[in-house]
Amino acid sequence: GHMHEGVVSARLGMAGLPALAEELVVARDLRLVELTGCPYHVQHVSTTGTVELVAWAKSQGLPVTAEVAPHHLAFDHRLVESMDSVAKMYPPLRTHADVEALRQALENGTIDCVATDHAPHSAHEKDVPFEEAPRGVIGLETAAAVVHSAVGLDPVALFERMSIAPAAVAGVDGGWLEPSRRADIVVFDPQAEWTPQRFRSKSSNSPWIGVPLRGQVAVTLYGGVVTHELAGERTT
């Protein structure tokens, strides 16, 4: 399959991937978690049914966490009608109802965090018929802005879902700013309005080129050293 199986795929005559394919695998794995107690992380949640399964697992006290990618919070399968290969990703873009369920799940904490699912491809790879194109889009430089624009989390929740929780899931050092902590810092301007036109990435397979976004990363520091500064367009 090349996109979500539904009314749009039927109209386009394109082989689709049903939501049930994702949900059956997650349901099976969660029962194994129930049996073994093994920690389990659900990557790239894309359907309402998967959200419901994760919510059930957490209600049972199972060691389960989950993530969503920015594009699944912003677009639904109607984007594929353009036949532009930047709309081809895995899991595929689902329905509007799925998008709404994902947004709510991120807000209420059923989905713990956001993962960029950054998948660069060269122009010649993507510039082919939709069915032949590789899956994936870039998302590293737009992730925070897309989540802020699509979901509108308050500042604490935004950093919780995009920084604190991912660090906890991955088991790496990360947390709120405190004296003596390592200065790995992101400065995010929630009021900035911008329209992506080009990226620092060597790839440009992004569905957000030309799409207005609200919120922008202004400065990043790694170990106390400025690694990105928007105002001066400075990188190290």
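For this chain, numbers begin at 1 and follow the sequence in order. For the numbers below, each heavy atom of this structure counts, side chains included, while hydrogens, waters and symmetry mates do not.
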Mind checking whether [X] and [Y] have side chains closer than 4.5 Å, heavy atoms only?
{"X": "Val99", "Y": "Thr95", "result": "no"}
{"X": "Leu102", "Y": "His72", "result": "yes"}
{"X": "Ile111", "Y": "Val54", "result": "no"}
{"X": "Leu30", "Y": "Val64", "result": "yes"}
{"X": "Pro207", "Y": "Val137", "result": "yes"}
{"X": "Val42", "Y": "Thr50", "result": "yes"}
{"X": "Ser204", "Y": "Ile209", "result": "yes"}
{"X": "Leu230", "Y": "Val219", "result": "no"}

Measuring from [X]:[atom1] to [Y]:[atom2], what's the distance to the nearest 0.5 Å?
{"X": "Thr65", "Y": "Gln43", "atom1": "OG1", "atom2": "CD", "value": "9.5 Å"}
{"X": "Ile185", "Y": "Thr220", "atom1": "CD1", "atom2": "OG1", "value": "10.0 Å"}
{"X": "Ser201", "Y": "Ile138", "atom1": "OG", "atom2": "CD1", "value": "4.5 Å"}
{"X": "Leu17", "Y": "Ser46", "atom1": "CG", "atom2": "OG", "value": "9.5 Å"}
{"X": "Cys113", "Y": "Ile164", "atom1": "SG", "atom2": "CD1", "value": "11.5 Å"}
{"X": "Asp29", "Y": "Cys38", "atom1": "CG", "atom2": "SG", "value": "10.0 Å"}

Strictly distance-based, threshold 3.5 Å: is any side-chain N or O of [X] a donor or acceptor partner for the main-chain N or O of [Y]?
{"X": "Ser149", "Y": "Val146", "result": "no"}
{"X": "Asp184", "Y": "Gly223", "result": "yes"}
{"X": "Asp117", "Y": "Gly136", "result": "no"}
{"X": "Glu125", "Y": "Pro134", "result": "no"}
{"X": "Lys88", "Y": "Ala133", "result": "yes"}
{"X": "Asn205", "Y": "Val86", "result": "no"}
{"X": "Glu5", "Y": "Ala19", "result": "no"}
{"X": "Thr48", "Y": "Ala101", "result": "no"}

Do the side chains of [X] and [Y] join up, straight or via other hydrophobic residues, at under 4.5 Å, putting them in one cluster?
{"X": "Leu73", "Y": "Val51", "value": "yes"}
{"X": "Leu177", "Y": "Val187", "value": "yes"}
{"X": "Leu35", "Y": "Val33", "value": "no"}
{"X": "Val151", "Y": "Val186", "value": "yes"}
{"X": "Val211", "Y": "Leu93", "value": "yes"}

Write out all pairs satisfying ring pair (Phe, Tyr, Trp, His ring centres under 6.0 Å) with one or both partners inside [range], taking only residues at least two apart or from two chains.
{"range": "residues 2-38", "answer": "His4-His77"}
{"range": "residues 85-118", "answer": "none"}
{"range": "residues 189-212", "answer": "Phe75-Trp208"}
{"range": "residues 123-181", "answer": "His148-Phe188"}

Q. Can you list the residues that meet the side-chain hydrogen bond (donor to acceptor under 3.5 Å, both in side chains) rule with Asn108, with sequence neighbours excluded?
A.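 side-chain hydrogen bond (donor to acceptor under 3.5 Å, both in side chains) list for Asn108, sorted by chain: Thr110.
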Q. Excluding sequence neighbours, so at least two apart, what forms side-chain hydrogen bond (donor to acceptor under 3.5 Å, both in side chains) with Ser163?
A.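 Testing Ser163 for side-chain hydrogen bond (donor to acceptor under 3.5 Å, both in side chains), a comparison that skips the adjacent residues, returns none.
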Please list all pairs meeting salt bridge (Lys or Arg N to Asp or Glu O under 4.0 Å) that have one or both residues in [range], counting only residues at least two apart or in different chains.
{"range": "residues 160-176", "result": "Asp173-Arg181"}
{"range": "residues 46-67", "result": "Lys58-Asp112"}
{"range": "residues 91-102", "result": "Glu22-Arg94, Glu100-Arg103"}

Q.
Please check if the number of heavy atoms outside Asp84 that lie under 6.0 Å from its CG is greater than 12.
A.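 Yes, the 6.0 Å shell around CG holds more than 12 heavy atoms from other groups.
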**Q.** Contacts of type salt bridge (Lys or Arg N to Asp or Glu O under 4.0 Å), residue Arg214, not counting sequence neighbours
**A.**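 Result, salt bridge (Lys or Arg N to Asp or Glu O under 4.0 Å) vs Arg214: none returned.
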Q. Between Arg78 and Glu81, is the closest basic N to carboxylate O distance under 4.0 Å?
A.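 Here Glu81 does not pair with Arg78 in a salt bridge, since their nearest N and O are not under 4.0 Å apart.
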Q.
Testing the basics here: between Val217 and Ala144, what is the closest heavy-atom pair and its distance to 0.1 Å?
A.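 Closest heavy-atom pair between Val217 and Ala144: CG2-CB, 4.2 Å.
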Q) Could you go step by step and tell me if Glu23 and Leu53 meet the side chain to side chain contact (heavy atoms under 4.5 Å, CB included) rule? A) CA-CA 8 Å; Glu23 294 158 8; Leu53 287 165; 4.2 Å; yes
Q: Could you tell me which residues satisfy side chain to side chain contact (heavy atoms under 4.5 Å, CB included) with Leu12, sequence neighbours excluded, listed by chain and number?
A: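 So Leu12 forms a side chain to side chain contact (heavy atoms under 4.5 Å, CB included) with Met3, Val8, Met14, Val80, Met83.
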**Q.** Partner set under ring pair (Phe, Tyr, Trp, His ring centres under 6.0 Å) for His71, not counting sequence neighbours
**A.**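 Per chain and number, His71 pairs via ring pair (Phe, Tyr, Trp, His ring centres under 6.0 Å) with no residue.
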